[in-house]
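To start, the structure under review is shown below, and the notes come after it.
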Amino acid sequence: MKASVRALFDLPDDVKRRNTDVIHGSGYMGFTSKNPLYEAFGLYDASSLTDVDAFCSLLDASSHDRETIKTYATKSHEVIVQLATKLAESMGLNDQNFGTWQCQFRINKYNFTQDSVGSSGVQIHTDSGFLTLLQEDECVGGLEILDPGSGSYVEVDPLPGSILVNLGDVAKIWSNGLLHNVKHRVQCKAAIPRFSIALFLLAPKDDKVEAPTALVDSDHPRMYQTFFYNDYRKLLADLELRAGEALSQLLM
Ligand SMILES: O=C(O)CCC(=O)C(=O)O
Ligand SMILES: [Fe+2]
């Protein structure tokens, strides 16, 4: 998969830009002044083999890369649905169907050079969806997680063969505040290009996010208004609030 990912980033700029948005911000992202070292492809919806195929066709992926990306998407989608199901079961919820939730791939490249060592690869943010599976670069570190207790960053060293799991804004809303969205960033530590692959389980297919009634009672009143995930993504982009601050706008 990493070889297929590298092949995608080696494509000419005009081909990369064929990967346009399906939902807000879901397509190719080129270098920006805020994240000048970062570029990413986005595949929406990664739970649909038709969409995975369409993504590969747009980018003229070879048949080998296409098979690799399809297998990776299918298997990692199975894992993320299993994880979300177990998480819900651990909270006493046995009737959730995460298999039908919207899912997005984000394939990240950090164009790190000698000059960029010490600078930001991707600014501090929370993931906007429910659950994230992150396959980190096996060699190049840089991911840092904010410890809310101490206010300091904890470095996540590369651990080949592992998958990192993260919770986003939707997890906080959906769990009525039981689960926490995690602030993180990527710093440039070495002059070596860095690749990572993130799979985001975003929100229900009908786009409506609300805590299940089983998590709401008189001791735990509903914390957040019901909202549509796609509207929330637009709100984040419009307000340029990336680190979970926009959640306060949804409080009851
Ligand atoms: O590249 C990484 O390690 C983190 C990527 C990330 O935070 C994201 O894609 O949301
Ligand atoms: Fe992230």
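Everything numeric in this text was worked out from a predicted model, so none of it was measured. Side chains included, hydrogens not; waters and symmetry mates left out as well; all remaining heavy atoms used. Residue numbers count from 1 along this sequence. Counting starts at 1 for both ligands and their atoms, following the listed order.
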Q.
So does G149 get a backbone contact from the side chain of D147, meaning a donor-acceptor N/O pair under 3.5 Å?
A. yes
Q: State whether the side chain of S76 and the backbone N or O of Y72 hold a donor-acceptor pair below 3.5 Å, judged by distance alone.
A: yes
Q: Restricting to N/O/S, name the atom of D127 that gets closest to the Fe ion (ligand 2).
A: OD1
Q. If you measure from each non-hydrogen atom of D127 to ligand 1, which part falls under 4.0 Å: side chain, backbone, both or neither?
A. side chain
Q | At the Fe ion (ligand 2): angle between H184 atom NE2 and H125 atom NE2, to 10 degrees | A | 90°
Q.
Check for me whether R185 has a heavy atom closer than 4.0 Å to any atom of ligand 1.
A. no
Q: Run the numbers for me: atoms of ligand 1, each under 4.0 Å from some heavy atom of V186, listed by number.
A: 1 (O), 2 (C), 3 (O), 4 (C)
Q. Is it the side chain, the backbone, both or neither of F200 that has a heavy atom closer than 4.0 Å to ligand 1?
A. side chain
Q: Give the atoms of ligand 1, by number and element, whose distance to some non-hydrogen atom of H184 is under 4.0 Å.
A: 7 (O)
Q) Would you call E144-K189 a salt bridge at under 4.0 Å N-O? A) yes
Q. Would you say the side-chain atoms of Y229 and Q102 include a donor-acceptor pair closer than 3.5 Å?
A. no
Q) Would one find an N or O of Y38, backbone or side chain, under 3.5 Å from an N or O of ligand 1? A) no
Q. Looking at atom 9 (O) of ligand 1, what's its closest protein heavy atom, distance included?
A. N108 ND2, 3.1 Å
Q: Kindly say whether the aromatic ring centers of F105 and F55 come within a distance under 6.0 Å.
A: no
**Q.** Under 4.0 Å to a heavy atom of Y110 - the qualifying atoms of ligand 1, by number
**A.** 1 (O), 2 (C), 4 (C), 5 (C)
Q: Would you mind telling me which of D65, D53, D51 makes a salt bridge (Lys or Arg N to Asp or Glu O under 4.0 Å) with K70?
A: D53
Q) Taking 4.0 angstrom as the limit, do D10 and R6 come out as a salt bridge? A) no
Q) If you count the atoms of ligand 1 from 1 in the order shown, which ones are under 4.0 Å from a heavy atom of S196? A) 1 (O), 2 (C)
Q) Between F130 and W174, how do the two ring planes meet: parallel, tilted or perpendicular, split at 30° and 60°? A) perpendicular
Q.
At under 4.0 Å between heavy atoms, is it the side chain or the backbone of D137 that contacts ligand 1, or both, or neither?
A. neither
**Q.** Protein contact of atom 3 (O) of ligand 1 - nearest heavy atom, named by residue and atom, plus distance
**A.** E136 OE1, 2.6 Å
Q | Heavy atom of the protein closest to atom 6 (C) of ligand 1 (residue, atom name, distance) | A | H125 NE2, 3.9 Å
(Q) Looking at A243, is its backbone amide N or carbonyl O close enough to the side chain of E245 to form a donor-acceptor pair, meaning the two atoms are under 3.5 Å apart? (A) yes
